[in-house]
2 protein chains.
Amino acid sequence: MASRREHSQDRDSWLAEALEMLRERGIDHVKVEPLAKRLGVTKGSFYWHFKNRCDLLRSLPEFWARSQTDPVLDQVETTNGGPIEKMRAVLEFIAREDPDRYDNAMRAWAQFDSEVAVAVAQIDDRRMATAQSLFEEAGLSPADAAFRARLWYFYDVGEHVTRDTPVSLEERLERASHRLKLLTSDLK
Amino acid sequence: MASRREHSQDRDSWLAEALEMLRERGIDHVKVEPLAKRLGVTKGSFYWHFKNRCDLLRSLPEFWARSQTDPVLDQVETTNGGPIEKMRAVLEFIAREDPDRYDNAMRAWAQFDSEVAVAVAQIDDRRMATAQSLFEEAGLSPADAAFRARLWYFYDVGEHVTRDTPVSLEERLERASHRLKLLTSDLK
DNA sequence: TAAGGACCATACGCGACCGTATGGTATTGC
DNA sequence: GCAATACCATACGGTCGCGTATGGTCCTTA
C-alpha cells in the first residue's frame with residue numbers, strides 16, 4: 001500500500017485513447033481490438049489492465065472529469081478581480097482554449113446511459129454553481145442568480161451542441177462579449 | 001407516376017421504428033435484424049424496402065424533420081396575437097407536449113456524422129429564424145433580434161441536453177414563464 | 001541467479017449482424 | 001383464371017469484436 005499508485009500510467013493511456021475515440025466516433029465505437037491497434041499493442045495488454053470492456057467504459061467518466069473539468073474550475077478560482085471580471089476571464093479562456101472538447105461526446109453518450117447521465121449532470125451542476133456564486137457576488141438573490149446561471153451556462157451548451165461548422169476565434173470572442181453584456185448589464 | 005406514393009406506408013413504418021430505436025439506444029443500435037424483430041417480421045422484408053442499412057440511416061433525418069419539426073412550426077403560425085403572445089404559446093406548447101423528444105438523439109448522432117449535422121443545423125436555423133422574426137416584430141433590430149433568438153433557443157437546447165432526470169410539468173411551466181419574462185421584459 | 005510478477009503476443013471459440021440468394025404467398029390488372 | 005408484382009420467410013457465407021487460455025519476455029528482488 002506504500003508505493004501504490006492511485007492511477008496507473010498505462011491504464012490512463014488506455015483511458016485517454018478511449019476518450020479520444022469516444023470524441024471521434026461515439027461510445028459504441030470504443031472497442032477493445034481497434035483501441036489496441038491504435039495503441040500499437042494487442043488486446044492481451046488490454047485484458048491485463050481491465051477486467052473487460054465494461055470496466056473501461058465505467059472508468060471513463062471519472063477520467064473525463066479528472067482530466068478535463070477540474071483544471072477549468074481551478075482556472076476560475078485563480079483569477080482575481082470582481083465577479084464580472086471573472087466571468088470575462090472565463091469566457092475568454094473558453095473561447096480560446098475550447099476545453100469542452102469532449103463534452104459533446106459525453107453528452108451524446110449520457111443520452112443512452114443513465115450512470116453517465118448522472119456523472120455529466122454532476123459536472124453541469126458544479127459549473128452552474130460556480131456561475132451562480134458569481135452572480136450572487138454581483139448582487140443577485142440566490143434564486144435570481146441560480147436562474148441567471150442557467151441562462152449563462154445553457155448558452156455555452158447551445159453553442160457547442162448546435163455547432164456543425166467551426167467558428168472563428170474572432171466570432172467566438174465577439175459572441176462572448178455580447179453575451180457578457182446582455183447577461184450582466186443590469187448588475188454591479 | 002399517377003398513383004405513385006411519395007412515401008410508402010411500410011417504408012415509413014420502418015423509419016418510425018428506427019427513429020424510436022435511435023431515441024432509446026443511439027444510432028449504432030439501429031440494426032436491421034433487431035429492428036425486424038421489433039416489427040414482427042424478418043429482415044427479408046427490410047431488404048425489400050431498403051437497399052441496405054445505410055439507405056435507412058440516410059433517410060432518417062428527412063423523416064425526422066417531416067414528422068417532428070414541421071408540425072411545430074405550423075403551430076407557431078396558426079397562433080394569433082402579438083409576438084410576445086406567440087412566444088408564450090410556443091413555450092406552453094413545448095412545455096406540455098415535449099415535441100423535442102427525438103432531438104437529443106439526433107444531436108447525439110450528428111456529433112459523429114457530418115451529413116446529419118447539416119440536417120440538424122438546418123432545423124436549428126429554421127427554429128431560430130422563427131424566433132428572430134418574433135423579436136423583430138417586438139421592435140428589436142435584426143442583429144439584436146438574431147442574438148436574442150440564439151439566447152432564446154439555446155435555453156431550450158440546454159434544458160433538454162442537460163436533463164438527466166424528468167422535470168414536472170409545473171416546474172417546466174414555471175421556468176418557461178421566468179424565461180419569457182427575462183427575455184422580453186425590455187420589449188413592447 | 002533463481003523466482004516471481006508485470007506486461008504483452010497468439011490462438012481459439014463464440015455470438016451478433018450484414019447482405020445475398022432463393023422460394024413462398026397473396027393480391028392485383030387484364 | 002392467369003400472369004406479374006408486392007411482400008415476406010428461410011438459409012447461407014462472411015466479418016467483426018468479445019473474452020479466455022496459454023505462453024513468452026523482460027525486470028525486479030532476494
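By convention in this document, chain letters (A, B, ...) are assigned in the order of the sequence lines, proteins followed by strands, and residues within each chain are numbered from 1.
Counted by atom type alone, A/Tyr47 and A/Asn52 present zero donor-acceptor pairs between their side chains at under 3.5 Å. Looking only at atom types and distance, the side chain of B/Arg107 has no donor-acceptor partner in the side chain of A/Thr162 under 3.5 Å away.
One atom, CZ of A/Phe50, and another, P of D/dC18, lie 13 Å apart when rounded to the nearest Å. Taking atom CE of residue A/Met21 and atom C1' of nucleotide D/dG17, one finds them 12 Å apart after rounding to whole Å. One interatomic measurement links the two molecules: CG of A/Asp10 to C1' of C/dG5, which rounds to 15 Å at whole-angstrom precision. Atom pair B/Arg11:CZ and D/dC8:P shows a separation of 14 Å (rounding to whole Å applied). Separating the CH2 atom of A/Trp14 from the C1' atom of C/dC7 is a distance of 12 Å, rounded to the nearest angstrom. Rounding to whole angstrom units, CZ of residue A/Arg38 and C1' of D/dG17 are separated by 16 Å.
At a threshold of 4.0 Å, the pair A/Asp103-A/Arg127 counts as salt-bridged, since one of the basic side-chain nitrogens sits closer than that to a carboxylate oxygen.
Phosphate contact (OP1/OP2 of D/dC8, side-chain N/O of B/Trp48, threshold under 4.0 Å): absent. Within the 4.0 Å cut-off from OP1 or OP2 of C/dC8, at least one side-chain nitrogen or oxygen of A/His49 is found.
Hydrophobic cluster membership of A/Leu173, counting Ile, Leu, Val, Met, Phe, Trp and Tyr whose side-chain heavy atoms lie under 4.5 Å apart directly or via other members: A/Leu169.
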**Prompt:** Going 5' to 3' along nucleotides 9-22 of chain C, which nucleotides have protein heavy atoms under 4.0 Å from the base (write B), which only from the sugar-phosphate (write S), and which from neither (write -)?
**Reply:** BBB-----BBBB--
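Aromatic pair B/Tyr155/A/Phe147: centroids less than 6.0 angstrom apart.
Around the CZ atom of B/Arg25, the shell of radius 6.0 Å holds no more than 12 heavy atoms that belong to other residues, nucleotides or ligands.
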